[in-house]
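These numbers come from a predicted model, not from an experiment. Naming: A, B, ... by sequence-line order, numbering from 1 per chain.
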Protein chains: 2
Amino acid sequence: MQHWFVDRVPDPMATWLEAFPAAKMLRREDIQSLALEANGIIWFRLHSGEVADSALSSVRIKGGQLVVVLADEPDDALVTSALSFGASGCCNTHAAPEVLRQVALVVENGGLWVGQHLLQQLLGTTSRALKTGRREPRVDWSLLLSEREVQVARLVAGGASNKEIAMQLTITERTVKAHLSAVFEKLDLRDRLQLSLRVNGVRA
Amino acid sequence: MQHWFVDRVPDPMATWLEAFPAAKMLRREDIQSLALEANGIIWFRLHSGEVADSALSSVRIKGGQLVVVLADEPDDALVTSALSFGASGCCNTHAAPEVLRQVALVVENGGLWVGQHLLQQLLGTTSRALKTGRREPRVDWSLLLSEREVQVARLVAGGASNKEIAMQLTITERTVKAHLSAVFEKLDLRDRLQLSLRVNGVRA
DNA sequence: TAACCTATTGGACCAAGGTACAACCCGGTA
DNA sequence: TACCGGGTTGTACCTTGGTCCAATAGGTTA
């Protein structure tokens, strides 16, 4: 699964790369000329003030191509217009890496990703689940760790080996182990696979 | 995150345990007396012919308690009534373990899980993403493996060690390794963490 | 029947993951 | 100043994961 991030500027958000290290950046003007395989997700960023229609019209959504809109200021109107244009979802530009992975998970399985507020509107019900205020099931792990430990944890969760992490962060493999030991201790996990499940939200 | 499966019968579906090995089974009559912590998901099974209202009325959805309905024969009416009753989603009783994990992922993050058909109805749009017929992005891994290899792969993906898998399947740890080597070979993966990402759909 | 796939196991072996104990540097704080 | 936490690294050691080569056995298919 390849990920392309399309923006007006060539620099990706740090969170995007954290979510998908292998992702590629594209300028909007480049997207036309490039032949993208169908097997991937295009993340199309909409800056503040932009509307979905005019910006997205430059993208030819070919058969099966999945598009997710990253909105600086998402609202229901923007989401619906994005969906009606053929996008598979819409989320916040500054969403955390875990959220982006979750969105990708849903989208690549043929699902649509819409915000809760919109769903509530659409359903028109007094769904309790929408009102229980469960906003923070993920208060957890990243808050318990130091900044460096979070970096290591995310890379591990993405499948990287200690050696790869060491190179990426330009530190010793030994230091990676030290951070990981601290992470395991703090989160009460026994190995990197458990950590991956925790970070990726697959807790069983 | 604890999972409880509530059914009229005490025997869980095999897929449920594959998805959440640590899940607990409950009879419907037992659910009242049991004090369930808020930190978990209740999977409530509706058999063929049952309607959400009458069956679900036995469940007291306390503050923050997450409920997902497992329907033998889901339809839009059932889903909407389940949601309006306070459930966070509704999916098929016989859904694959990966789908169940995905549903859990969405729900525990405060999302709602609804079928695509319903979403299409609700949106009333001609969303292309809903019509591209992308039903099988996951044609992949399980079809490439033998039955035994699939079992091992799922347990690995859930975070189990070789020793644990060996005990669970009552085979030697050596045999587990053999199966895993075969799995890695067939799926072109390098280690168990990559396998976990693949099975759990976290491919970056 | 021969060929083939799957499941199973053994032994040897190497690589990677993880722990224990200890040390250094640095910035903030009591 | 002394203390503490975070980041860094080292040595040594143990455990787990994974591979290679090899073998047995049951079932299916050409």
Test your reading of the model: is there a side-chain donor-acceptor pair from Ser146(B) to the backbone of Glu149(B), 3.5 Å cut-off?
yes
Roughly how many Å is it from NZ in Lys163(B) to P in dG18(D), rounded to a whole number?
14 Å
From CD of Glu185(B) over to P of dT6(C), roughly how many Å is that when rounded to an integer?
12 Å
Under 3.5 Å donor-acceptor, Thr172(B) side chain and Thr175(B) backbone
no
Sub-3.5 Å donor-acceptor pair from the side chain of Thr93(A) to the main-chain atoms of Leu70(A), do we have one?
yes
By the 4.0 Å heavy-atom rule, please label Arg190(B) as base, sugar-phosphate, or nothing.
nothing
Side chain of Asp191(B) (C-beta onward), nearest among dT19(C), dG18(D), dG17(D):
dG18(D)
Near DNA chain D, under 4.0 Å by heavy atom, which residues of residues 148-155 of chain B?
none
Using a cut-off of less than 4.0 Å, is there contact between a side-chain N or O of Ser181(B) and OP1 or OP2 of dT19(D)?
yes
Donor-acceptor pair, distance only, cut-off 3.5 Å: does the side chain of Ser181(B) make one with the backbone of Lys177(B)?
yes
Rounded distance (Å) that lies between atom P of dT16(D) and atom CD of Gln194(A):
14 Å
Let me know the distance between CG of Leu180(A) and C1' of dG7(D), rounded to the nearest Å.
14 Å
Ignoring hydrogens and geometry, is there a side-chain-to-backbone donor-acceptor pair from Arg28(B) to Arg45(B) under 3.5 Å?
yes
May I ask you to decide if Ala157(A)'s main-chain N or O and Arg198(A)'s side chain share a donor-acceptor pair within less than 3.5 Å?
no
Quickly work out the Leu189(B) CG to dG18(D) P distance and round it to whole Å.
11 Å
Among residues 166-179 of chain B, which contact DNA chain D at a heavy-atom distance under 4.0 Å?
Arg174(B), Lys177(B)
How close or far is atom P of dG17(C) from atom CD1 of Ile165(A), stated in whole angstroms?
8 Å
Starting from C1' on dG6(D), measure out to CG on Leu144(A) and report it in whole angstrom.
16 Å
Using the closest heavy atom to pick a nucleotide of DNA chain C for each, name whichever of Glu147(B) or Arg192(A) lands nearer the 5' end.
Glu147(B)
Heavy-atom distance under 4.5 Å between the side chains of Trp16(A) and Met25(A), does that happen here?
yes
Test item: Arg192(B) side-chain N/O and Ala160(B) main-chain N/O as donor-acceptor pair under 3.5 Å
yes
Kindly say whether Ile165(B) contributes a backbone atom to a donor-acceptor pair with the side chain of Asn162(B) at under 3.5 angstrom?
no
With a 4.0 Å cutoff (strictly under), does any side-chain N or O of Asn162(B) reach OP1 or OP2 of dT16(D)?
no
Leu193(B) has an atom CG; how far is it from atom C1' of dG18(D), in whole Å?
14 Å
